[in-house]
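Just below is one structure, and these are the notes that go with it.
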Amino acid sequence: MDDKRLDEQLQFVLEIDKLKHVLRRTLLPMGRRENSAEHSWHLAMCVLLLAEYADEKIDLARTVLMALVHDIVEVDAGDVYAYDDAAQRHKAERERKAADRLFNMLPPDQARQMREVWDEFEGRQTPESRFANAVDRFQPILLNHASRGESWRQYGITSERILARNRSIEAGSVRLWRYVEMLVEDALKQGYLYE
């Protein structure tokens, strides 16, 4: 039995448990902030349930794995608010350093696999990564609408900024992008969002 391998795996499991303490700005419909672990789980479920809306054929298991892995780097790098332009500038470098440290905690074969999946998500060059990224951007919009735009209003986010920042959803799912447009239009009518 390889105790070193098991020890490395369990240390990684304990390390990524810290995602439960990384708070996002997105409010859940019940009024509290979502954490990154909840987001990753919810994103994986959304990928499973919404896969039929991917514009290209996807490997569902790989896309779910991307959803689960994509934010592990936030253990070190923290979550960066989608509409914080200043914080977005250094995000990629912080996340690469975090990926180097965190994934290398694992045995080499698993470290390579997890890093490849994370890099694929970040690169947005495959059908799986385009769809995973589309759902990753779609999910906070859905939650923001469900919480009556509380965090949008709190941070002064306009409909124009939401549409501009999230237009890439269309690259993975035209159907989900159309739904975003409908949610934003409804949010404006309901007063959940600034014009």
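By convention here, the first residue in the shown sequence is residue 1. All values below come from the heavy atoms of this structure, side chains included, with hydrogens, waters and symmetry mates left out.
Placement of Phe103 and Phe121 within a single hydrophobic cluster is found when ILVMFWY residues are connected by side-chain heavy-atom separations under 4.5 Å, directly or transitively. No path of Ile, Leu, Val, Met, Phe, Trp and Tyr side chains, each step under 4.5 Å between heavy atoms, connects Tyr83 with Leu27, placing them in separate hydrophobic clusters. Taking hydrophobic clusters as Ile, Leu, Val, Met, Phe, Trp and Tyr residues chained together by side-chain heavy-atom distances below 4.5 Å, Met45 shares a cluster with Leu142. Cluster annotation: Trp177 and Leu143 are assigned to distinct hydrophobic clusters (Ile/Leu/Val/Met/Phe/Trp/Tyr, side-chain heavy-atom contacts under 4.5 Å, transitive). Note on Leu48: it clusters hydrophobically with Leu50, by side-chain heavy-atom contacts below 4.5 Å among ILVMFWY residues.
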- Task: Kindly determine whether Asn144 and Tyr192 satisfy side-chain contact (heavy atoms from CB on, under 4.5 Å), including the steps that lead there.
- Result: CA-CA 9 Å; Asn144 271 299; Tyr192 301 167; over 6 Å; no
message = Before you tell me yes or no, could you show the steps for Ile72 and Trp118 under side-chain contact (heavy atoms from CB on, under 4.5 Å), namely the whole-Å CA-CA distance, both residues' side-chain angles and the distance that decides it to 0.1 Å?
response = CA-CA 9 Å; Ile72 285 175; Trp118 185 79; over 6 Å; no
Checklist entry - Hey, mind stepping through Glu116 and Arg112 against salt bridge (Lys or Arg N to Asp or Glu O under 4.0 Å) and telling me if it holds? => result CA-CA 6 Å; Glu116 284 172 9; Arg112 270 190 309 279; 5.5 Å; no
**Asked** Hey, mind stepping through Glu8 and Gln110 against side-chain contact (heavy atoms from CB on, under 4.5 Å) and telling me if it holds?
**Response** CA-CA 10 Å; Glu8 289 171 343; Gln110 290 181 324; over 6 Å; no
### Message
Before you tell me yes or no, could you show the steps for Leu28 and Glu38 under side-chain contact (heavy atoms from CB on, under 4.5 Å), namely the whole-Å CA-CA distance, both residues' side-chain angles and the distance that decides it to 0.1 Å?
### Response
CA-CA 10 Å; Leu28 299 171; Glu38 291 170 318; 4.2 Å; yes
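Counting only heavy atoms from C-beta outward, the side chains of Gln139 and Thr26 never approach each other to under 4.5 Å. A heavy-atom distance below 4.5 Å is not found between the side chains of Val69 and Gln113. The shortest side-chain heavy-atom distance between Leu60 and Val47 falls under the 4.5 Å cut-off. Looking only at side-chain heavy atoms (C-beta outward), His39 and Asp136 come within less than 4.5 Å of each other. When side chains are defined from C-beta on, Asn35 counts as touching Leu23, because their heavy atoms get closer than 4.5 Å. Using a 4.5 Å heavy-atom threshold, the side chains of Asp76 and Arg94 count as separate. Using a 4.5 Å heavy-atom threshold, the side chains of Leu176 and Phe131 count as touching.
Closest approach of Asp59 to Ala61, counting heavy atoms only: OD1-N, 3.2 Å. Shortest non-hydrogen contact noted between Ala51 and Ile58 is CB-CD1, 4.2 Å. When all heavy atoms of Gln9 and Leu106 are compared, the closest pair comes out as CA-CD2, 4.2 Å. When all heavy atoms are compared, the tightest approach of Ala146 to Pro29 is CB-CG, 3.7 Å. Contact record, Arg101 with Val75: NH2-CG1, 4.3 Å, taken as the closest heavy-atom pair. In terms of heavy atoms, Phe138 sits closest to Ile169 at N-CD1, 3.8 Å.
Enclosure of atom CZ in Arg33 by more than 12 non-hydrogen atoms of other residues, nucleotides or ligands within 6.0 angstrom is indicated. The 12-atom threshold is not exceeded at OH of Tyr179, counting heavy atoms of other residues, nucleotides or ligands nearer than 6.0 Å.
Looking at Arg115, His70, Arg62 one by one, the single match for side-chain hydrogen bond (donor to acceptor under 3.5 Å, both in side chains) with Glu120 turns out to be Arg62.
Within the structure, every pair that satisfies the side-chain hydrogen bond (donor to acceptor under 3.5 Å, both in side chains) test and touches residues 153-165, not counting sequence neighbours, is listed here: Glu150-Arg153.
Of the possible donor and acceptor atoms, one in the side chain of Asp55 sits under 3.5 Å from a partner among the backbone N and O of Val174.
Atom CD of Gln125 and atom CG of Asp119 lie 12.0 Å apart (nearest 0.5 Å). Note that the CD atom of Glu56 and the CD atom of Glu128 stand 8.5 Å from one another [nearest 0.5 Å]. The line from OG of Ser147 to CZ of Arg32 is 12.5 Å long, rounded to the nearest 0.5 Å. If you take OG on Ser173 and CZ on Arg137, they are separated by 14.5 Å, rounding to the nearest 0.5 Å. The structure places CZ of Arg5 at 12.0 Å from CG of Asp7, a figure rounded to the nearest 0.5 Å. Atoms CG and CD, from Leu193 and Glu195 in turn, are 9.0 Å apart once rounded to the nearest 0.5 Å.
Between Lys91 and Asp84, none of the side-chain N atoms (NZ, or NE/NH1/NH2) sits under 4.0 Å from a carboxylate O, so this pair counts as no salt bridge.
Relative to the ring axis of Tyr81, Arg25 places its NZ or CZ within 45° and under 6.0 Å from the centre.
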